[in-house]
Amino acid sequence: MGKQVHVRLDDSVYEALSEYTGETNSSVQDSVSSAIMQFLKMKNKDSVPTDSGFTFIDLFAGIGGMRLAYEKNGGHCVYSNEWNKYSQQTYFANFGEQPEGDITQVDENQIPDHDILVAGFPCQPFSIAGVSKKQSLGRATGFEDKTQGTLFFDVCRILKAKRPKAFMLENVKNLCSHDKGRTFKVITESLDELDYEVFYDVLDGQGFVPQHRERILIVGFDRQRYGENLDFSFDITPKKKAPVMKDILEKNVDEKYTLSDKLWKYLQDYAAKHKAAGNGFGYGIADPDGIARTLSARYYKDGSEILIEQKGKNPRRLTPRECARLQGFPENFKIPVSDTQAYRQFGNSVVVPLMTNVAELVCKKMHELDEAIAASKKANKVPTSKRPRVAAISGSTMQKGRAAV
């Protein structure tokens, strides 16, 4: 629930604010709110831990599911970016900082240095018109030509400018087959061109939460730093006792989540119609001792993909808190937005414990590679006890065995 605050501004400040809102096509309320959150973010910078194990950035951050995963593994987030203002509100409520907005307007060189880049970028087709023309003229093409105009291009330009040790990208399972496989081909070629060793796999979250949710994870390590022929495996370790739906359900649920007679009849008729036509479309009643279908961003519309049976009345949809649990968010995760926005946010988010497990593997591999480099440098360094003795020569800066610098 938003609170009202009345602020008196000097004429010059108000004129500048009005000019800014006109140029950015944003409201005065959003602009002032954003400015306050950025101010508080800068104040929080004073408490940045100096003993964090590694740093990372959170791109296309949503509500911070990936951030939770990497913070759980000892990381410190030094930059975040998310354009949706409602997701920014939830992010701020939980992490005390508002992510920067439109990533296409961000100067990649101004982003802080970091060890790992994390991003859940949108799935978009790549235009091949410019690429085809260059190829017909015998000119080389690079990731700038192939990915221009897509948000993946922004991931690439940041990787090129900042060269983090590793990255982890998350996307829908369909990325592999999107645009007849061309999209995924461009992505892997671009990452390889940037000199990263790339690994990917499709993982299901149902071993961590009671939900069938397949996502592709793409992980890469810097070949310029670590060399070639690297290995990495997605050896995740699901929970020994797989959670089921009844584990995440609330006991006392408001009646507003129960479907109306009109909506329930519509869903039943719709399912019957498609069943008669031989299609599998329709609502889904979740088995309390089983798992649910995939939670989607459209859940706010009717909740049809995951309904909970109720004795003596129509089924109900999940509450926002139950959606948070279904994605593995902690109980203390704050939900400051409306139900509609919360459904969209959790439907677009990640299975936090699965991402935490993969993040653990990425961090472990990165630390192993760092230790190997450190050991190699140490082995190649001449121990002090074995260095030639220094014999000072009067009136000269020369020393026996080497030239003084």
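Between Gln211 and Leu295, some side-chain heavy-atom pair lies under the 4.5 Å cut-off.
The residues Glu189 and Lys185 are annotated as salt-bridged, a charged nitrogen and a carboxylate oxygen being separated by less than 4.0 angstrom. The pair Asp370-Lys165 counts as a salt bridge, with a side-chain nitrogen and a carboxylate oxygen less than 4.0 angstrom apart. Taking 4.0 Å as the cut-off between side-chain N and carboxylate O, Glu305 and Arg293 do not count as a salt-bridged pair. Looking at Asp204 and Arg213, no side-chain N of the basic residue comes within less than 4.0 Å of a carboxylate O on the acidic one, giving no salt bridge. Salt bridge annotation for Glu255-Lys313: present, with a cationic side-chain nitrogen under 4.0 angstrom from a carboxylate oxygen.
Note: Phe346 and Phe329 meet the aromatic proximity criterion, with ring centroids under 6.0 Å apart. Taking the centre of each ring, Phe232 and Phe221 come in below the 6.0 Å mark. Centroid-to-centroid, the aromatic rings of Tyr343 and Tyr299 come within less than 6.0 Å. For Tyr200 and Phe184, the distance between ring centers is under 6.0 angstrom. Here the two rings, on Phe60 and Trp83, have centers that are 6.0 Å apart or farther. Under the 6.0 Å cut-off for aromatic ring centres, Tyr196 and Phe167 qualify, their centroids lying closer than that.
A side-chain N or O of Asp58 and one of Tyr91 form a donor-acceptor pair less than 3.5 Å apart.
How far CG of Asp154 is from CG of Asn81: 8.5 Å, rounded to the nearest 0.5 Å.
Contact record, Ser80 with Pro99: OG-CA, 3.4 Å, taken as the closest heavy-atom pair. The two atoms that bring Asn73 and Cys363 nearest to each other are CB-SG, 4.2 Å, heavy atoms only. Across all their heavy atoms, Gly62 and Glu82 have their closest contact at N-OE1, 2.8 Å.
For the pair Arg316 and Tyr257, the cation does not sit on the ring face, since its NZ or CZ is not both under 6.0 Å from the ring centre and inside 45° of the axis.
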Show which side-chain atoms of residues 240-253 pair as donor or acceptor with protein atoms under 3.5 Å away, not counting sequence neighbours.
unit_1: Lys246; atom_1: NZ; unit_2: Asp289; atom_2: OD1; d: 2.8
unit_1: Asp247; atom_1: OD2; unit_2: Val244; atom_2: N; d: 2.9
unit_1: Glu250; atom_1: OE2; unit_2: Thr319; atom_2: OG1; d: 2.5

